[in-house]
Amino acid sequence: MNVPDSTLVGKLLIAMPDMSDPRFANTVVYMCAHSEEGGMGLIVNKPQPEVKFAKLLDQMDIPVSVSARDIRVHYGGPVDGQRGFVLHSNDYASDNGTLDVDENYRMTATLQVLEDLAKGEGPDVSMMALGYAGWGPGQLEYEIGQNGWLTCAPNDAILFGADNAGKWAAALKLLGVDPLVLSATAGRA
């Protein structure tokens with residue numbers, strides 16, 4: 001199956017109600033990379049309340065200034081759960097390791113972004129994810145074809161907002177879909 005627009009980079013994946021993998025139940029994933037080689041995204045609505053950003057910085061021996069911002073840490077996905085990724089506004093780029101996802105958002109996976117945030121610098125808007133969601137060649141296209149995901153454009157409230165519990169329903173509303181009437185079965189005409 002061909003994916004509309006041939007790429008999902010910069011789009012949200014919204015899990016359908018009957019998502020068979022419990023790690024993705026009611027998730028919203030922001031796609032950072034997608035090609036015929038596979039895809040990579042970050043779950044943006046599963047916070048890790050027991051993981052505090054300041055504590056992570058302390059564990060990494062990164063000094064924290066009084067002007068440091070405390071950003072939320074999320075479960076980014078089941079792959080490489082010890083690796084951190086910072087999804088952020090396009091006003092920041094590290095010397096290396098920053099991926100321009102689209103005209104509005106970037107993702108950085110370097111120590112430099114953490115050091116800059118600890119100094120109170122870095123991007124204006126950001127969230128950190130531990131781990132990521134990954135798909136092999138054709139896997140995501142197959143899942144979309146099996147009615148596992150809906151796709152839409154993101155907004156700041158869904159990517160960076162504090163209402164994690166409401167992000168799934170809010171993403172569906174971007175498509176004009178009421179979660180209460182969403183069918184889990186695909187139709188064939």
Heavy-atom side-chain proximity of [X] to [Y] below 4.5 angstrom:
{"X": "Phe24", "Y": "Trp149", "value": "yes"}
{"X": "Val9", "Y": "Met31", "value": "no"}
{"X": "Val28", "Y": "Pro154", "value": "no"}
{"X": "Arg23", "Y": "Tyr75", "value": "yes"}
{"X": "Leu114", "Y": "Met128", "value": "yes"}
{"X": "Val177", "Y": "Ile14", "value": "no"}
{"X": "Lys46", "Y": "Thr27", "value": "yes"}
{"X": "Tyr105", "Y": "Asp156", "value": "yes"}

Nearest atoms (heavy-atom pairs only) where [X] meets [Y]:
{"X": "Asn164", "Y": "Val44", "value": "OD1-O, 3.3 Å"}
{"X": "Trp168", "Y": "Ala15", "value": "NE1-O, 2.8 Å"}
{"X": "Val86", "Y": "Ser126", "value": "CG1-CB, 3.8 Å"}
{"X": "Ala129", "Y": "Gly76", "value": "CB-CA, 3.7 Å"}
{"X": "Gly120", "Y": "Ser65", "value": "N-OG, 4.1 Å"}
{"X": "Thr98", "Y": "Ser94", "value": "OG1-N, 2.8 Å"}

* CD/Glu37: more than 12 non-hydrogen atoms of other groups inside 6.0 Å -> no
* Just wondering, are more than 12 heavy atoms of other shown residues or ligands nearer than 6.0 Å to CD in Glu50? -> yes
Just verifying a value: how many Å separate [X] [atom1] and [Y] [atom2], rounded to the nearest 0.5 Å?
{"X": "Leu175", "Y": "Thr151", "atom1": "CG", "atom2": "OG1", "result": "7.0 Å"}
{"X": "Leu87", "Y": "Met127", "atom1": "CG", "atom2": "CE", "result": "6.0 Å"}
{"X": "Leu172", "Y": "Met16", "atom1": "CG", "atom2": "CE", "result": "8.5 Å"}
{"X": "Lys167", "Y": "Asn155", "atom1": "NZ", "atom2": "CG", "result": "9.5 Å"}

* Give the C-alpha distance, both sets of side-chain angles, the deciding distance and a yes or no for side chain to side chain contact (heavy atoms under 4.5 Å, CB included) between His74 and Leu42. => CA-CA 9 Å; His74 287 72; Leu42 301 173; over 6 Å; no
* I would like to know whether His34 and Glu141 meet side chain to side chain contact (heavy atoms under 4.5 Å, CB included); could you show each step before the answer? => CA-CA 10 Å; His34 180 248; Glu141 294 82 352; 2.9 Å; yes
* Any pair counted as side chain to side chain donor-acceptor pair (under 3.5 Å), so long as it reaches residues 110-124, sequence neighbours left out -> Tyr92-Asp116
* Do Leu117 and Val51 share a hydrophobic cluster, counting only Ile, Leu, Val, Met, Phe, Trp and Tyr and linking them when any side-chain heavy atoms are less than 4.5 Å apart? -> yes
* Does the side chain to side chain contact (heavy atoms under 4.5 Å, CB included) test come out yes or no for Val29 and Trp135, once each step is laid out? -> CA-CA 12 Å; Val29 179; Trp135 293 267; 4.1 Å; yes
Report yes or no: does [X] contribute a side-chain atom to a donor-acceptor pair with the main-chain N or O of [Y] at less than 3.5 Å?
{"X": "Asp100", "Y": "Ala93", "result": "no"}
{"X": "Thr108", "Y": "Phe85", "result": "no"}
{"X": "Arg72", "Y": "Phe160", "result": "yes"}

* **Derivation of the side chain to side chain contact (heavy atoms under 4.5 Å, CB included) call for Asn90 and Asp102** => CA-CA 9 Å; Asn90 68 358; Asp102 63 22; over 6 Å; no
* Asked: With sequence neighbours excluded, what pairs up with Ser20 under the side-chain contact (heavy atoms from CB on, under 4.5 Å) test?
  -> none
* Asked: What residues form a side-chain contact (heavy atoms from CB on, under 4.5 Å) with Asp178, not counting sequence neighbours?
  -> Leu180, Val181
